[in-house]
Amino acid sequence: MHTSLLQNQKKCPSLLIPSPVAVHCHTLFSRMMPRKRKRLTPLNAVQSKPSFSPADTFGSPRAVLDGNSSPVTSKYFTEETKTSSRLGPDFFNQPCISLAKSFLGQILVHKLPDGRELRGRIVETEAYLGGEDEASHSKGGKQTARNAAMFMKPGTLYVYQIYGIYFCMNVSSQGEGAAVLLRSLEPLQGLDTMRQLRSAQRKGSARLLKDWQLCNGPSKLCQALGINKTFDQKDLTQDSAVWMEPGSEVPGEQAVVTAARIGVSYGGEWAQKPLRFYIGGNKCVSVRDKVVEKERAAAE
């Protein structure tokens with residue numbers, strides 16, 4: 001019956017008259033449609049629901065994508081990237097006096113465990129030339145557990161303790177047992193933290209330190225940057241917590257004052273040798289040699 005009906009319909013389209021079977025199928029299909037629409041409605045509602053940030057539910061922000069699946073620009077998901085280049089092995093691989101002068105104007109950085117970075121511009125240094133230098137910890141070429149870093153590759157930190165409380169920070173250079181003492185910094189970043197670190201070491205003193213007083217001495221700069229004996233023998237070219245960056249204001253030769261070192265009277269004639277270097281006119285220098293500065297001014 002169904003076969004003959006189909007054949008007749010093909011021969012004559014005008015015979016497309018609904019058959020009882022067709023009517024029955026149409027009725028069943030119509031009854032099914034409402035149920036199908038009910039199933040699809042929740043899905044359509046979800047698809048048309050406005051986008052929301054996962055931070056509302058998971059607490060960790062993520063970029064919301066638009067219809068083209070490209071990240072939507074948002075100030076909340078954009079982080080400023082710092083592109084700072086640290087000074088490498090070639091910079092530190094210099095003779096001691098040359099390195100001591102080259103340090104002036106460079107930036108010393110300590111990254112704290114919580115991610116904060118403390119920065120200071122080096123404004124004063126002293127050179128210690130190794131075995132022949134009677135004021136050096138490595139005089140006579142003697143190597144000990146304490147001064148081992150002075151004999152390591154250039155760019156290695158030598159941190160030692162004085163008076164059983166304070167620390168001083170040196171950097172090894174070319175030359176057996178030679179190193180440069182960092183005497184003073186001009187604080188640049190993290191001054192509030194530096195002030196807190198200094199205050200923790202200044203027992204009984206409630207006086208608020210001025211900015212230029214935070215790092216104007218070898219022990220003061222170690223306090224302000226949180227440098228202690230654990231930094232001894234760290235490599236400034238590779239360490240993730242402490243390094244040096246190129247400074248944007250490196251002084252010319254005419255701006256550098258050359259004077260005698262401080263506190264090395266035990267060094268005999270070496271105590272008077274001009275092995276201290278600082279940026280003239282910088283307020284953060286620990287001790288100015290006014291005699292030398294006057295002589296320089298007269299010669300100019």
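The two residues Leu197 and Gly226 have their closest heavy-atom pair at CD1-N, 3.9 Å. For the residue pair Leu129 and Cys96, the shortest heavy atom distance occurs at CD2-CB, 3.7 Å. Nearest heavy-atom pair, Leu104 versus Pro251, reported as atom, atom and distance to 0.1 Å: O-CD, 3.3 Å. Of all heavy-atom pairs between Val159 and Lys229, the closest is O-NZ, 3.0 Å. Considering every non-hydrogen atom in both Ser173 and Gln94, the closest pair reads CB-O, 3.5 Å. Thr258 and Val292 get closest at one heavy-atom pair: O-CG1, 3.4 Å.
At distances below 3.5 Å, at least one donor-acceptor pair connects side-chain atoms of Arg121 with backbone N or O atoms of Glu249. A distance-only check finds no donor-acceptor pair linking the side chain of Gln161 to the backbone of Phe167 [under 3.5 Å]. Not a single donor-acceptor pair under 3.5 Å links the side chain of Thr156 to the backbone N or O of Ser172. At distances below 3.5 Å, not a single donor-acceptor pair connects side-chain atoms of Glu117 with backbone N or O atoms of Lys111. Formation of a donor-acceptor pair under 3.5 Å by the Asn147 side chain with backbone atoms of Ser136 is not found in this model. Under a 3.5 Å cut-off, the side chain of Arg198 and the backbone N or O of Cys215 do not form any donor-acceptor pair. No donor-acceptor pair closer than 3.5 Å links the side chain of Thr237 to the backbone N or O of Gly88.
Ring geometry for Phe103 versus Phe91: interplanar angle of 30 to 60°, hence tilted.
Both Leu118 and Leu185 are assigned to one and the same hydrophobic cluster, defined by single-linkage of ILVMFWY side chains at heavy-atom distances under 4.5 Å. Clustering ILVMFWY residues whenever any of their side-chain heavy atoms sit less than 4.5 angstrom apart, transitively, puts Val123 in the very cluster that holds Ile97. Following chains of ILVMFWY side-chain contacts shorter than 4.5 Å, one cannot reach Leu181 starting from Val256, and the two form parts of different hydrophobic clusters. Hydrophobic clustering places Ile122 together with Phe231 (ILVMFWY residues linked when any side-chain heavy atoms are closer than 4.5 Å, directly or through intermediates). Tracing side-chain contacts under 4.5 Å through hydrophobic residues (I, L, V, M, F, W, Y), one never reaches Ile262 starting from Tyr163; they form parts of separate clusters.
No side-chain heavy atom of Pro154 sits less than 4.5 Å from a side-chain heavy atom of Leu99. Annotation: side chain of Met169 is not in contact with side chain of Leu225 (no heavy-atom distance under 4.5 Å). Counting heavy atoms from C-beta outward, Met152 and Asp235 have side chains that stay 4.5 Å or more apart. Side-chain contact between Asp232 and Leu157 is absent, with no heavy-atom pair separated by less than 4.5 Å. Here the side chains of Asp211 and Leu191 are in contact, with some heavy-atom distance below 4.5 Å. Cys222 places none of its side-chain heavy atoms less than 4.5 Å from the side chain of Asn228.
Rounded to the nearest 0.5 Å, atoms CG (Asn170) and CZ (Arg183) are 11.0 Å apart. To the nearest 0.5 Å, atoms CG (Asp192) and CG (Leu214) are separated by 9.5 Å. How far CZ of Arg146 is from NE2 of His137: 4.5 Å, rounded to the nearest 0.5 Å. Going from atom CH2 of Trp270 over to atom CD of Glu132 covers 4.0 Å, rounded to the nearest 0.5 Å. In this structure, SG on Cys168 lies 8.0 Å from CG on Leu221, to the nearest 0.5 angstrom. Atoms NZ and CD, on Lys101 and Glu253 in that order, are 4.5 Å from each other to the nearest 0.5 Å.
Both tests hold for Arg261 against Tyr128: distance to the six-membered ring centre under 6.0 Å, angle to the ring axis within 45°.
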When the side chains of residues 272-282 are checked against the rest of the protein, which donor-acceptor pairs come out under 3.5 Å, sequence neighbours left out?
unit_1	atom_1	unit_2	atom_2	d
Arg276	NE	Ala260	O	2.9
Arg276	NH1	Glu124	OE2	2.7
Arg276	NH1	Val287	O	2.6
Arg276	NH2	Val287	O	3.2
Tyr278	OH	Asp289	N	2.9
Tyr278	OH	Glu293	OE2	2.7
Asn282	OD1	Cys284	N	2.9
Asn282	ND2	Glu186	OE1	3.1

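For the side-chain contact (heavy atoms from CB on, under 4.5 Å) test with Met244, the passing option among Val171, Val109, Ile107 is Val171; the others fail.
Dense packing is recorded around OH of Tyr160, with more than 12 heavy atoms of other residues, nucleotides or ligands lying under 6.0 Å away.
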